[in-house]
Asker: 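Mind having a look at this structure? Questions to follow.
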2 protein chains.
Amino acid sequence: MSPTLPTAENSSAENASSPMETDPRLILAKSRLKSAGLRVTQPRMKILAALCRQTSPVSIEHLHAGLPAAACNLVTVYRGMAAFERGGLVHRAVIHEGTSLYQITLGQPETYHVICRSSGKLAPLSAEVSGELQKAAAKAREELRGKGYREVAHRLEFSGVAPPATQR
Amino acid sequence: MSPTLPTAENSSAENASSPMETDPRLILAKSRLKSAGLRVTQPRMKILAALCRQTSPVSIEHLHAGLPAAACNLVTVYRGMAAFERGGLVHRAVIHEGTSLYQITLGQPETYHVICRSSGKLAPLSAEVSGELQKAAAKAREELRGKGYREVAHRLEFSGVAPPATQR
DNA sequence: ATGACTGCAAACTGTTTGCATTAGG
DNA sequence: CCTAATGCAAACAGTTTGCAGTCAT
């Protein structure tokens, strides 16, 4: 029932300390943190690293559960995510059953997802369709900017009942 | 901070008992209730009537607060909305700060909204832009149908900081 | 008749907050 | 140093659930 998707979570070294600095997205995230006037702390870097490993939106609880033993407190993840969101590092991509699923903002073309209402499983839409939606959304953003809205963002999510084959 | 928008709520007779049957949307809603195998009860009709009066998505609490004195219990609104949603009478249009805002599904062209992150005020996008978004969303739905998804739905919401003038 | 619906109270769950402590710049 | 960030425990808010009584069909 809770949102799931094959994550790279349990892939390799979790308590890693070396490959952390190599991920280009992590480095970018780090600099964005600084430019947003936020402090670069150990818990935050761990959260961001875990976030980078995700292949699709994750819930805060899921993210925290996937972190090493006691990488940081659940509350810290909540506060960190709030800060990241304010700083534009992350965005709430899906809201499913009262829980938000986050994703890193990579400046890369956004991909929208479908969430299965029976299994909670998440799947991405094709790049083409996502692209078209992006274009339409861009027009909307433009209209809103024209009306004086600042920091315009949007969230688009599809839901449906996935075919049995896809459910597992 | 809570979502607001000029509603037709306090317009005229609230405890009205006569104009209730005249609204075409209400009649439609009533028949949809029946065809969905749901019972037509007094509380539900009051909820649907209130819903019809809304000009934009409303939260359950707001809807309940706007009902006559004790038209029905808050819990009943929650359960009624859940039933309406299952029956396709209503849909969750926006999710703002942990609260869902609902809207009647009229089969009419859907209009998307922007919610101001500072005032919580809701405003509709132009019909043109909404239309384009609709078209793009339709393609996505098609893609999903092709993949075997059933009962595909979507939610699209914009957010931003409205210009001071619009804030009040 | 009879099962769906309602009301009331209590439970839940995701999220937030206060405060003392720790640590980043 | 000085302030932002963390951890812990407790508070919150929206939503859900159990159960007994009621009403639509």
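The model shown is predicted, which means the values in this text are computed figures rather than measured ones. A note on names: the letters A, B, ... follow the listed sequences, proteins ahead of strands, and every chain is numbered from 1.
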Asker: Under a 3.5 Å cutoff, is there a donor and acceptor pairing between the side chains of H96(B) and E157(B)?
Answerer: no
Asker: Check this one for me: any side-chain N or O of T76(A) less than 4.0 Å away from OP1 or OP2 of dG7(D)?
Answerer: yes
Asker: What's the NE2-P distance between H96(B) and dA13(D), to the nearest Å?
Answerer: 15 Å
Asker: Rounding to 10 degrees, work out the angle separating the end axes of the helix from dA1(C)-dT25(D) to dG25(C)-dC1(D) (five pairs an end).
Answerer: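 Inter-axis angle at the termini of the helix from dA1(C)-dT25(D) to dG25(C)-dC1(D): 50°.
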Asker: Grab the CZ-P distance between R92(B) and dT15(D) for me, whole Å please.
Answerer: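 Roughly 8 Å, once rounded to whole Å.
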Asker: Say whether S56(A) and Q103(A), considering side chains only, have a donor N or O and an acceptor N or O under 3.5 Å apart.
Answerer: no
Asker: Could you state the atom-to-atom distance from CG of L33(B) to C1' of dC5(C) in whole Å?
Answerer: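 After rounding, the reported distance stands at 12 Å.
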Asker: Is any N or O donor-acceptor pair between the side chain of R44(A) and the base of dG24(C) shorter than 3.5 Å?
Answerer: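 Absent.
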Asker: Rounded to the Å, how far apart are Y102(A) OH and dT15(C) C1'?
Answerer: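 It is 9 Å, rounded to the nearest whole Å.
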Asker: Just to confirm, is there a sub-4.0 Å distance from OP1 or OP2 of dT6(C) to any side-chain nitrogen or oxygen of N73(B)?
Answerer: no
Asker: At less than 4.0 Å, is any side-chain N or O atom of Y78(A) found next to OP1 or OP2 of dT15(C)? Yes or no.
Answerer: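 Affirmative; the distance criterion is met.
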Asker: What's the CZ-C1' distance between R86(A) and dA4(D), to the nearest Å?
Answerer: 11 Å
Asker: Using modelled atom types and a 3.5 Å cut-off, is there a donor and acceptor pairing between side-chain atoms of R32(B) and backbone atoms of G87(B)?
Answerer: no
Asker: Can you find a side-chain donor-acceptor pair between Y112(B) and Q134(B) that sits under 3.5 Å?
Answerer: yes
Asker: What is the separation between atom NZ on K46(A) and atom C1' on dA23(C), rounded to the nearest whole Å?
Answerer: 14 Å
Asker: Using the closest heavy atom to pick a nucleotide of DNA chain D for each, name whichever of T41(B) or L74(B) lands nearer the 5' end.
Answerer: L74(B)
Asker: Answer yes or no: is there a donor N or O on one side and an acceptor on the other, between the side chain of R117(B) and the main chain of V161(B), under 3.5 Å?
Answerer: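 Absent.
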Asker: On DNA chain C, check which nucleotide each of R79(A) and E61(A) is closest to and give me the residue with the more 5' one.
Answerer: E61(A)
Asker: Is a side-chain donor or acceptor of R44(B) paired with a backbone partner of R39(B) at a separation under 3.5 angstrom?
Answerer: yes
Asker: State whether a side-chain donor-acceptor pair under 3.5 Å links S126(A) with E143(B).
Answerer: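 Side-chain D/A pair, S126(A) to E143(B): present.
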Asker: dC23(D) C1' sits how many Å from Q42(B) CD, rounded?
Answerer: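 Nearest whole value for this atom pair: 10 Å.
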Asker: Over all strands shown, is L38(A) touching base, sugar-phosphate only, or nothing at heavy-atom distances under 4.0 angstrom?
Answerer: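 Contact class for L38(A): sugar-phosphate only.
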Asker: Answer yes or no: side-chain N or O of R39(A) and base N or O of dT3(D) forming a donor-acceptor pair under 3.5 Å.
Answerer: yes
